[in-house]
*Asks:* 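What follows is a single structure, and I will ask about it in a moment.
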Amino acid sequence: MTQILLVGLVVLLCAGYWLQRLAPSAMIPLWRALAGLLAATQALPGLRTKAERLATPSSASPGCGGCKGCDDKNGRCH
């Protein structure tokens with residue numbers, strides 16, 4: 001039983017990691033909920049600040065969608 005729970009937790013963490021990397025806007029509601037929960041409980045202030053940072057979208061240009069290599073392509077993406 002413990003092994004099933006541990007494997008399930010690892011799979012959920014991996015899925016969350018890749019979803020954050022591939023579609024960060026889909027994870028914003030999760031980060032907002034986590035930041036609100038941690039603010040209400042006054043627990044883990046470091047994790048709360050990281051969740052708040054991830055809950056607010058970055059100020060990337062609208063055409064790039066968060067691409068970091070767009071500046072050297074005259075504002076165009078891949």
Side-chain angles (χ1 to χ4, degrees):
M1 181 69 180
T2 305
Q3 184 178 9
I4 292 171
L5 291 175
L6 186 61
V7 169
L9 181 64
V10 169
V11 168
L12 283 175
L13 289 174
C14 289
Y17 170 79
W18 282 108
L19 190 58
Q20 177 67 32
R21 298 284 293 170
L22 298 174
S25 62
M27 294 291 287
I28 289 175
L30 173 77
W31 293 121
R32 282 188 185 149
L34 181 64
L37 178 70
L38 290 174
T41 60
Q42 299 290 326
L44 301 170
L47 182 61
R48 184 190 54 152
T49 56
K50 184 166 178 84
E52 288 172 349
R53 185 178 52 83
L54 289 170
T56 57
S58 64
S59 61
S61 61
C64 289
C67 175
K68 294 179 182 171
C70 293
D71 292 336
D72 57 345
K73 295 182 174 112
N74 297 327
R76 292 179 288 136
C77 288
H78 313 244

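As a basis for the values below, the full set of heavy atoms in this structure was taken, side chains included, without hydrogen atoms, waters or symmetry mates. For reference, positions follow the sequence shown, starting with 1.
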*Asks:* If I compare all heavy atoms of Thr49 with all of Gly46, which pair ends up nearest, and what's the gap?
*Replies:*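 Nearest heavy atoms, Thr49 then Gly46: OG1-O, 2.8 Å.
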
*Asks:* Around atom CD1 of Ile4, are there more than 12 heavy atoms from other residues, nucleotides or ligands closer than 6.0 Å?
*Replies:*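 No, CD1 of Ile4 has 12 or fewer neighbouring heavy atoms, counting only those of other groups under 6.0 Å.
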
*Asks:* Hydrophobic cluster membership, with links at side-chain heavy-atom distances under 4.5 Å among I/L/V/M/F/W/Y: are Leu38 and Ile28 in one?
*Replies:*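 Shared cluster, no.
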
*Asks:* For Pro29 and Ser25, work out which heavy atoms get closest and say how close.
*Replies:*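 Looks like CD-O, 3.9 Å.
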
*Asks:* Report the distance from atom CG of Leu37 to atom OG1 of Thr41, rounding to the nearest 0.5 Å.
*Replies:*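 Separation between the atoms: 5.0 Å.
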
*Asks:* Nearest heavy-atom pair of Glu52 and Ala35: which atoms, and what distance?
*Replies:*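 Shortest heavy-atom contact: CG-CB, 3.6 Å.
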
*Asks:* Any idea which heavy atoms bring Ala51 and Leu34 closest together, and the distance?
*Replies:*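 What the structure gives for the nearest pair is CB-CD2, 4.2 Å.
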
*Asks:* Which heavy-atom pair separates Ala55 from Arg32 by the least distance, and what is that distance?
*Replies:*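 Where Ala55 meets Arg32 most closely, the heavy atoms are CB-CG, 3.4 Å.
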
*Asks:* Side-chain heavy atoms under 4.5 Å apart, restricted to Ile/Leu/Val/Met/Phe/Trp/Tyr: what other residues fall into the cluster of Val11, or is it alone?
*Replies:*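 Val11 clusters with Val7.
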
*Asks:* Taking the side chain as C-beta and beyond, is there a heavy-atom pair between Tyr17 and Gln20 under 4.5 Å?
*Replies:*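 Of all side-chain heavy-atom pairs linking Gln20 with Tyr17, none is under 4.5 Å.
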
